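Here's the structure, in structure tokens; my notes come after.
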Amino acid sequence: MKKGVVAIVGRANVGKSTIFNRIVGKRVSIVEDTPGVTRDRIYGDASWLTREFRIIDTGGIELENASFTEQIKMQAEIAIEEADIILFVVNGREGITKEDTFVARLLQKSRKPVVLAVNKIDDQIYKDNIYDFYSLGIGDPIAVSGSHGIGIGDVLDEIIHQLPAVEETQEDDVIRFSIIGRPNVGKSSLTNAILGEERVIVSDIEGTTRDAIDTAFEKDGQKYCVVDTAGMRKKGKVYENIEKYSVLRALSAIEKSNVVLMVIDGHQGIVEQDKHVAGYAHEAGKAVILVVNKWDLIEKDSKTMKKMENQIREQLKYLDYAPIVFVSAKDHKRVHLLLPLIQEVYANSQKRVATSVLNDVLIDAQTMNPTTTFNGGRLKIYYANQVSVCPPTFVLFTNDPQYLHFSYKRYLENRLRDAFGFEGTPIHILCRKRD
Ligand code: GDP
Ligand code: GDP
């Protein structure tokens with residue numbers, strides 16, 4: 001299911017990130033914090049009434065050595081490209097500036113729905129300031145105070161009102177996968193290599209929104225779809241090299257996929273940006289395959305592959321479930337291994353285990369390695385259930401969740417992996433108190 005996307009634009013210091021934080025709030029993730037994922041997030045998931053949407057603070061995407069005007073132009077263009085609705089924030093204390101007018105014109109041209117928030121109206125006495133902003137010509141200004149939390153509800157009402165209907169894209173018999181990674185690791189080459197394989201029958205599907213293009217194909221009776229191939233084909237995209245933007249693109253591709261192929265440049269090894277992208281793939285709970293590309297450029301002996309594998313495992317500890325494949329997109333070497341592996345990890349992410357077998361495995365695990373005292377008590381697991389797939393998620397009903405030490409959870413995860421074979425997919429274990 002595709003969520004609507006809202007992007008915040010506006011000059012520096014008008015209060016974008018204050019409003020962003022108000023809207024996103026502090027959400028507790030069910031997944032442990034992933035090392036390597038940047039703390040200064042520029043996107044978040046939000047909900048209001050019954051609707052959920054994603055929100056991006058474009059103020060966090062920065063161009064080095066750019067003038068204010070270049071900076072805001074870039075941010076507005078990214079917002080227009082990525083979002084369904086734009087939340088345009090201006091400063092109600094300062095009145096309209098020439099940058100506000102400039103942004104308003106770009107937004108007008110884009111014909112995207114715009115919600116106009118006039119910020120820093122902390123007090124009724126400033127309320128009349130908002131009328132000036134009608135002259136921007138992009139609709140009714142809403143008075144808000146980000147720092148006091150005033151008017152945010154009105155902004156959210158308006159966002160929900162304009163949010164497009166939710167698209168149901170998922171077809172059951174299609175495996176949707178994305179090929180993500182830094183610029184120049186070989187994503188396009190790999191896509192072409194996969195699509196160029198024998199017996200692959202290809203057709204493009206124009207996305208209904210923006211410039212998204214997914215490529216559908218069939219091989220050996222299995223339907224697949226490579227999501228977001230447009231970005232890969234359109235070479236020399238203007239903002240592709242801005243890290244935060246490219247991570248954001250990866251994120252939206254990840255979300256649309258069942259399986260993520262995370263491409264690493266085998267010649268360069270893992271760099272910081274790889275960790276950010278990989279961290280998001282992990283957090284999204286999708287099946288992941290690590291693809292080391294450009295293997296043709298490496299001088300190899302019998303230990304090279306093992307060495308590289310150890311390096312990757314060390315740097316991307318949290319992706320220990322992801323298989324690693326060494327390929328050369330350029331020479332089409334080992335690329336044929338990918339589709340069968342995609343099928344396999346997809347199946348693993350969809351796997352449901354019978355409750356009785358699950359409970360047998362957990363009883364055996366506890367017999368072999370009984371729980372010890374932690375946080376003032378000893379964990380008793382009464383029974384467990386698998387509550388969902390993608391990723392497979394298990395709930396343990398216990399005497400008290402706080403007695404569960406993370407290393408014991410890790411141990412149980414490993415036992416489940418040994419018993420059921422979840423290669424390529426994360427699994428989540430939740431712990432509840434039995435009432
Ligand atoms: P951004 O650069 O647009 O993301 O702006 P920030 O959210 O970082 O805010 C810039 C400054 O304006 C900070 O000092 C905020 O505390 C302040 N600020 C944000 N919202 C309000 C508001 O509603 N009223 C007042 N008085 N100050 C605000
Ligand atoms: P993208 O930006 O991730 O889509 O990367 P491209 O597919 O455009 O590839 C970037 C550069 O790496 C191009 O010059 C490719 O020819 C080159 N490249 C891609 N795959 C391989 C490979 O397996 N081996 C070698 N030697 N070069 C490759």
Side-chain angles (χ1 to χ4, degrees), residues 7-24 40-42 55-62 68 71-72 75-76 79 87-94 97 99-100 103 117-123 125-127 129-130 142-152 155 178-196 226 228-237 239-241 246 249-250 253 261-268 273-274 277 291-299 325-335 338:
I8 308 183
V9 294
R11 291 185 289 124
N13 286 317
V14 293
K16 294 183 297 300
S17 62
T18 307
I19 292 173
F20 172 84
N21 287 329
R22 281 261 170 215
I23 293 178
V24 174
D40 56 332
R41 294 210 179 223
I42 56 162
I55 185 155
I56 304 168
D57 178 6
T58 63
I61 305 173
E62 286 167 353
F68 284 133
Q71 186 89 292
I72 203 164
Q75 291 167 351
L87 174 56
F88 182 23
V89 181
V90 293
N91 184 341
R93 300 277 188 91
E94 290 178 12
T97 67
E99 277 131 7
D100 293 337
V103 172
V118 182
N119 193 32
K120 308 205 182 182
I121 307 291
D122 302 344
D123 196 295
I125 54 172
Y126 301 115
K127 187 106 202 298
N129 291 15
I130 72 169
I142 303 173
V144 305
S145 166
S147 50
H148 292 64
I150 301 168
I152 302 295
V155 167
S178 52
I179 299 181
I180 63 164
R182 291 182 290 123
N184 287 317
V185 292
K187 297 182 295 298
S188 315
S189 310
L190 190 62
T191 311
N192 292 334
I194 292 173
L195 298 179
V226 199
D228 261 355
T229 27
M232 285 186 260
R233 289 189 194 163
K234 237 198 286 167
K235 274 285 145 188
K237 278 184 74 101
Y239 302 125
E240 193 195 17
N241 287 316
S246 89
R249 293 297 309 232
L261 266 54
M262 156 88 201
V263 186
I264 295 159
D265 185 326
H267 195 48
Q268 295 189 339
Q273 188 174 350
D274 292 325
V277 176
V291 182
V292 181
N293 189 34
K294 308 199 186 180
W295 202 237
D296 56 287
L297 294 178
I298 310 285
E299 289 235 14
V325 189
F326 297 82
V327 304
S328 165
K330 181 170 148 268
D331 299 342
H332 290 227
K333 285 270 166 59
R334 301 166 70 87
V335 170
L338 292 173

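When a ligand or atom number is given, it counts from 1 through the structure's own listing order. Note that the coordinates shown come from a computational prediction; the quantities given were computed from them, not determined experimentally.
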Report yes if [X] has an N/O atom closer than 3.5 Å to an N/O atom of ligand 1; otherwise report no.
{"X": "His148", "value": "no"}
{"X": "Ile121", "value": "no"}
{"X": "Lys120", "value": "yes"}

Original post:
Tyr126 ring centre to Arg93 NZ or CZ under 6.0 Å, with the angle to the axis within 45°?
Top reply: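 Checked: cation-pi criterion met.
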Subject >> Part of Asn119 within contact of ligand 1 (heavy atoms, under 4.0 Å) >> reply: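 It is the side chain that gets close, since no backbone atom is under 4.0 Å.
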Which ligand 2 atoms, with their elements, are less than 4.0 angstrom from a heavy-atom of [X]?
{"X": "Ser189", "result": "6 (P), 7 (O), 9 (O), 15 (C), 19 (C), 20 (N)"}
{"X": "Lys187", "result": "1 (P), 2 (O), 3 (O), 4 (O), 5 (O), 7 (O)"}
{"X": "Asn184", "result": "1 (P), 2 (O), 3 (O), 5 (O), 10 (C)"}

Original post:
Do any non-hydrogen protein atoms sit less than 4.0 Å from atom 14 (O) of ligand 1?
Top reply: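 It does not: no protein heavy atom is found less than 4.0 Å away from atom 14 (O) of ligand 1.
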**OP:** List for me each residue that meets side chain to side chain contact (heavy atoms under 4.5 Å, CB included) alongside Ile298, sequence neighbours excluded, and say none if there are none.
**Re:**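 Partners of Ile298 by the side chain to side chain contact (heavy atoms under 4.5 Å, CB included) criterion, ordered by chain and then number, come out as His267, Trp295, Lys300, Thr304.
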Subject >> Protein contact of atom 7 (O) of ligand 1 - nearest heavy atom, named by residue and atom, plus distance >> reply: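 Residue, atom and distance for the closest contact: Thr18 OG1, 2.5 Å.
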Original post:
How close do Asp331 and Ser328 get, heavy atom to heavy atom, and via which atoms?
Top reply: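 Closest heavy-atom pair between Asp331 and Ser328: N-OG, 3.0 Å.
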Original post:
Can you name the nearest heavy-atom pair linking Lys187 to Val263, along with the distance?
Top reply: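 Nearest heavy atoms, Lys187 then Val263: CG-CG2, 4.4 Å.
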Subject >> Selected option - heavy-atom contact closest to atom 24 (N) of ligand 1, from Asp122, Ile150, Asn91, Ile8 >> reply: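 Among Asp122, Ile150, Asn91, Ile8, the closest heavy atom to atom 24 (N) of ligand 1 comes from Asp122.
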**OP:** Run down the list Ser147, Gly15, Ser17 and name the one with the heavy atom closest to atom 8 (O) of ligand 1.
**Re:**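 Ranked by closest heavy atom to atom 8 (O) of ligand 1, first place is Ser17.
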**OP:** Look at ligand 1 and say whether Ala12 reaches it with a heavy atom at a distance under 4.0 Å.
**Re:**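 The answer is yes, since Ala12 has a heavy atom less than 4.0 Å from ligand 1.
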